[in-house]
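Below is one structure, written out as structure tokens, with a few remarks after it.
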Number of protein chains: 2
Amino acid sequence: MSLKPYIDPLLVQTAMGKKSADLVLRGGRIVNVYTREVLDGDVAVAGDRIAAVGNVEYCLGPDTVIHEADGAFLVPGLIDPHIHPEVSKLSLTKLAEALVARGTTTIMCSFDQIGVILGIEGIRAALDEMKNTRLRVIYCTPSRLPYTTPASTVAHTFGPEEHKKAFGWDETAGMWEYMIESIAEMEEGVLSPAGELLDKGYLPQGHLPFTSGPLLMGAVAAGAATDHESWSADQVAEKLRSGIYVLLRKASCVDNIAEGIRAVTELGLPTRRLSFCGDDIDCTDIRDNGHVDHFIRYAVSLGIDPLDAIQMATLTAAEAFRVDHKVGSITPGRSADFLLVENLEQFQAAKVYSQGRLAAENGRAVTETETHESADKSPASNEYPTSFYTTMKLDAPVRAEDIYLTVDTKARSADVQVMYLEPSQLRTKREAELPVQGGKILPSPEKDVLYISVTDRHSGQGKTASAFIGGFGLKTGAFATSLSPDDDNVICVGASVEDMVCCINHLFERGGGQVVAEKGKIVAEIELPLCGIMADVSVDQMAEKETELRNALFHRGVSIPKPFFSVLFLSITAIPEYSITDMGLVEAAGKNIINPIIKWR
Amino acid sequence: MSLKPYIDPLLVQTAMGKKSADLVLRGGRIVNVYTREVLDGDVAVAGDRIAAVGNVEYCLGPDTVIHEADGAFLVPGLIDPHIHPEVSKLSLTKLAEALVARGTTTIMCSFDQIGVILGIEGIRAALDEMKNTRLRVIYCTPSRLPYTTPASTVAHTFGPEEHKKAFGWDETAGMWEYMIESIAEMEEGVLSPAGELLDKGYLPQGHLPFTSGPLLMGAVAAGAATDHESWSADQVAEKLRSGIYVLLRKASCVDNIAEGIRAVTELGLPTRRLSFCGDDIDCTDIRDNGHVDHFIRYAVSLGIDPLDAIQMATLTAAEAFRVDHKVGSITPGRSADFLLVENLEQFQAAKVYSQGRLAAENGRAVTETETHESADKSPASNEYPTSFYTTMKLDAPVRAEDIYLTVDTKARSADVQVMYLEPSQLRTKREAELPVQGGKILPSPEKDVLYISVTDRHSGQGKTASAFIGGFGLKTGAFATSLSPDDDNVICVGASVEDMVCCINHLFERGGGQVVAEKGKIVAEIELPLCGIMADVSVDQMAEKETELRNALFHRGVSIPKPFFSVLFLSITAIPEYSITDMGLVEAAGKNIINPIIKWR
């Protein structure tokens, strides 16, 4: 189902009482996100959209199904305006079930990972899969693929031609990850489609970490309209003052809400252009904490009025993408997405209605056994084309010598650059002295200096770059992931290069996943057969697996809370200050490729 | 100049400090409409747009012109989101000067009157004329022309074909006067282009007087996004709760602000989706009170915080049309439109910058004698094509018998329906007994029952409809206007049918205007040679003329404050409850055509 074409004659007639409603939710306390009021009333639904709100007795007919709200609050379906669905590792169908169960009924996303793996046809397939779920996607084209600078190896790029195609899709309403690097360099291949989009009235969504002063002025002048990379209240304030919609992020390993919300609670700024986003969330987080419902509870715990928090998570998110006529409020014409909530502070969705039907109850998706009109809603699970299973390509196995960094065979030690992962998840640079044996620089688990490698998984050639990483604390073995935005090449971290080789080759053999190895054996594993990054399992099953893998690393000395989650973003060059791709160790968003080896003796 | 294409590389480079600004306004107190703050800072301008805000020293170069703000408040250029420019009777060039002088730098309009007279080519010419002024137009297509129901005589209609053409214009960002009648009747010719527009992400602007309950639900479901016809705080509240942007109107003869603002001051609703509009303003009003600056002062006097009032008149108006990335705030990328104001409560624009240049000072437009880059800005005054002067067509003069309503020649009196103009400007129905002579029903100035007639001025055939009107108080003579939305046929009101004939024929001879006649002679006149509705004179000249005409009517017994202004809307069928067009006396937006004669004896 679609919100295009917007004007639905049957809906308008139902609204005016000339036709009876399909469903009426009776006796709710409706949260009005326009006026910040709670008003007693009913909601009438026609098809998958809201027809009338308030006293809707006039919409009742002989075939109208009546559900009782029993005085529960009716809250608009929640919106995550910036999320990378693939990072959940769930198939889109299973992710939709998991998020809808927690009250999220709309997400904005770009499927940029599917994009580098399967190209625009894969993205279109993802959007088609989403149509068969209860989670609506407002689509934004990735500003360019790969996002990495310099471009790392991917199977498919996304440029002006692909933008043009995707701008024609019904779901498209923006551009994604409009990176400050692209703007600063006036990158034609990005600014040109961004300009085309702006001229259509849609807005590019900025990726503006630590962007301030003249650079921020440039980003805004170039049309960047949102940002999800604000790490302090002052950054939030500066962006709000520049008219940017600030999406306060609570990812599974980055919390920007606690700091960012101080722009409201301490600096006194209005919430009018503030919303939340998840960006990257794992299944453990979804299972244990929730999703946008969690952001609301968290913001309330930090001093935000529940009505403001709900407004931020619904209307404001929709406004930021100019789709508030389609989603984000309980108003005629909008998608019939709303939650029944008993208590606005504790905020748990007892029931979730999405696109006009009960979609979840008590945190569980309602399976589609209804007969009426649901023929087009058969679960798409397990029905993926072969191309989804054949994306991990490697002509010849990776060998230890592909990973080891070497110096003169006579050297005994080497000084190296170490990319260090801070607790904040930002990356700084340190130096370390490492032992050398037969010319090979050895990792030093004692000093918390490990090898990190990235191996091309797209072309078959298996180009591998190595460097050193600190901050994990792994003492023995290695771990690797084939899920790794922005290019989904295989990232591996190891205290032992031989175990790294074991991890990497295993992932290629299995078609993707996340593994831990020690002494040449895989000791824990998540299989990710879909594009090498997703699996068609439930959020609970995946969360259990995540725990297993985490524990396998905790037992081997790792001290950071989400080691797999932390490692998988290390190829993103657009996050300050260091990253690694199959091109090498990258500094300052591609400005420099660094040789990790400083000197030896 | 245009805000399309949106991304201007020179602007972005200036914002980032890679190129110096053309103009810097230094040392202002900038009103930030996003955060409701006043922040010390400067504004850097590149071309006609804002490049940077705050400390912009880095934008200074050897050629940068520096203007000192001297601590004045810098306020974004004001926006009137719903105005019919033609009703001012000024040429568009002169109207632009008048409005910009008072701080209005953007208007949303449809040129619907030029549309019925000259068609879509006339509208395009109007937009081209506006390009040479400092007043930016955000264009909205008229939902259909004529707006009247049943359709009255016009020279040009506007339907799906014209919508399609106009949707391709750079200025277009919406649809205008999306009338509740069209929605209730599911009028294909209106709903189809409205739907097309919604599917592009733009919004139809509603015309929803007294629309409530199921009808309002229908209007919102059909995409109506704003309304400028709210007569009470409760109506405002109901519309705000339905997500509608409510534009509180202060027209020259209708004040909906005083009542409407109570939704905020008494009902406690937020201003987030509240703005102002002028709709229809005359030159006396502009000269004596101002425009949007006046709405701000008025709202402040009614208890609205000045920062809220400014936000309503800038950002919110822009958001309602989804053009807040182009206008409505002092932010990079936006049109360089801002005012220098010494005091936010008293709110007088000491200087007005529009599209990057000083456009007015102390209430006077700055004439374009500057040399730099202004070659494209030569005044378009007095340079209209012949077609603008030949729009008043009449094959044979109107005669008294075309106006008189007649009954049996033996009758002595007749009972008639009288359209009565209430002080609120709404129209009710009364009955009266009138004398009959030789079968002709005579007007009765003693009973305040006059003749009103409408004569087709487009086709040459001069079809004339007559009825009776009360509420004016005219004792002798007659007055007429060829400016008369929605169809600009000639409306005449008279205590003497002979003087009506004199007025009407005179207007046709002169090619348009407004006149008062007594005893067969014209006693006061405004010439409106452009399309029969506008004149290329200054606002002050026109205001003086308006005073003359008003006084001519006051001397003849008229007691309502703006008789010409009140009469010229009587052909609008979309305002409850009665109206008159050349088709006859119309009830309930075209539902019935009423015979004014009830019975005779």
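Letters go in sequence order (proteins before strands), and every chain restarts at 1. If you're wondering where the values come from, they're calculated on a predicted model, not measured in any experiment.
Of the listed residues (Ser192(A), Ala44(A), Gly54(A), Ala52(A)), the one with the most heavy-atom contacts under 4.5 Å to chain B is Ala52(A). With chain A as partner, the option from Gly333(B), Gly213(B), Gly218(B) having the largest number of non-hydrogen pairs under 4.5 angstrom is Gly218(B). Chosen from Thr331(A), Asn55(A), Asn32(A), the residue pairing most often with chain B at heavy-atom distances under 4.5 Å is Asn32(A). Contact count against chain B (heavy-atom pairs under 4.5 Å) is highest for Met217(A) among Met217(A), Glu37(A), Lys200(A). Taking Ala237(A), Ala222(A), Ala46(A) one by one and counting their heavy-atom pairs under 4.5 Å with chain B, the maximum is reached by Ala222(A).
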Give the C-alpha distance, both sets of side-chain angles, the deciding distance and a yes or no for side-chain hydrogen bond (donor to acceptor under 3.5 Å, both in side chains) between Arg241(B) and Ser329(A). CA-CA 10 Å; Arg241(B) 288 175 182 136; Ser329(A) 65; over 6 Å; no
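In this structure, the portion of Gln311(A) lying under 4.5 Å from any heavy atom of chain B is its side chain and not its backbone. Interface residue Val323(A): only backbone heavy atoms are found under 4.5 Å from chain B. The part of Ala51(B) that comes within reach of chain A is its backbone (N, CA, C, O), which places non-hydrogen atoms under 4.5 angstrom from that chain. Neither the backbone nor the side chain of Ala219(B) comes within contact range of chain A; no heavy atoms are under 4.5 Å apart. At a 4.5 Å heavy-atom cutoff, Leu267(A) makes no contact with chain B through either its backbone or its side chain. Both the backbone and the side chain of Ile183(A) come within contact range of chain B, judged by heavy atoms closer than 4.5 Å. For Tyr245(A), the part sitting under 4.5 Å from any heavy atom of chain B is the side chain, from C-beta outward, and nothing else. Residue Leu216(B): no heavy atom, backbone or side chain, is found under 4.5 Å from chain A. Contacts between Ala194(A) and chain B at a heavy-atom distance below 4.5 Å involve backbone atoms as well as side-chain atoms. Heavy-atom distances place both the backbone and the side chain of Asp324(A) under 4.5 Å from chain B.
Atom CD1 of residue Ile330(B) and atom OG of residue Ser242(A) lie 12.5 Å apart, to the nearest 0.5 angstrom. Of the inter-residue distances, the one linking Tyr202(A) atom OH with His325(B) atom NE2 reads 11.5 Å to the nearest 0.5 angstrom. Expressed to the nearest 0.5 Å, how far CG of Leu191(B) lies from CD1 of Ile7(A) amounts to 4.5 Å. Rounding to the nearest 0.5 Å places CG of Leu269(A) at 14.5 Å from OH of Tyr34(B).
Across Tyr6(B) and Gly223(A), no two heavy atoms sit closer than the pair CE2-CA, 3.9 Å. Here the closest heavy-atom approach between residue Ala221(B) and residue Ala15(A) is recorded as CB-CB, 4.0 Å. Nearest approach of Asp199(B) to Pro5(A), heavy atoms of both residues: OD2-CA, 3.3 Å. When every heavy atom of Leu215(A) is checked against every heavy atom of Met16(B), the shortest pair comes out as CD2-SD, 3.9 Å.
By the 4.5 Å heavy-atom criterion applied to side chains, Leu315(B) and Arg272(A) are counted as neighbours. Taking 4.5 Å as the limit, every side-chain heavy atom of Leu198(B) sits out of range of all side-chain heavy atoms of Lys326(A). The shortest side-chain heavy-atom distance between Gln13(B) and Met186(A) falls under the 4.5 Å cut-off.
The existence of a salt bridge linking Glu196(A) and Lys4(B) is excluded, since no basic side-chain nitrogen approaches an acidic carboxylate oxygen closer than 4.0 Å. Of the charged side-chain nitrogens involved, at least one lies within less than 4.0 Å of a carboxylate oxygen, so that Arg273(A) and Glu319(B) count as a salt-bridged pair.
A donor-acceptor distance shorter than 3.5 angstrom exists from the side chain of Lys18(A) to the backbone of Ala184(B), with no hydrogens or angles considered. Without hydrogens or angle criteria, Arg322(B) side chain to Arg322(A) main chain gives a donor-acceptor distance under 3.5 Å.
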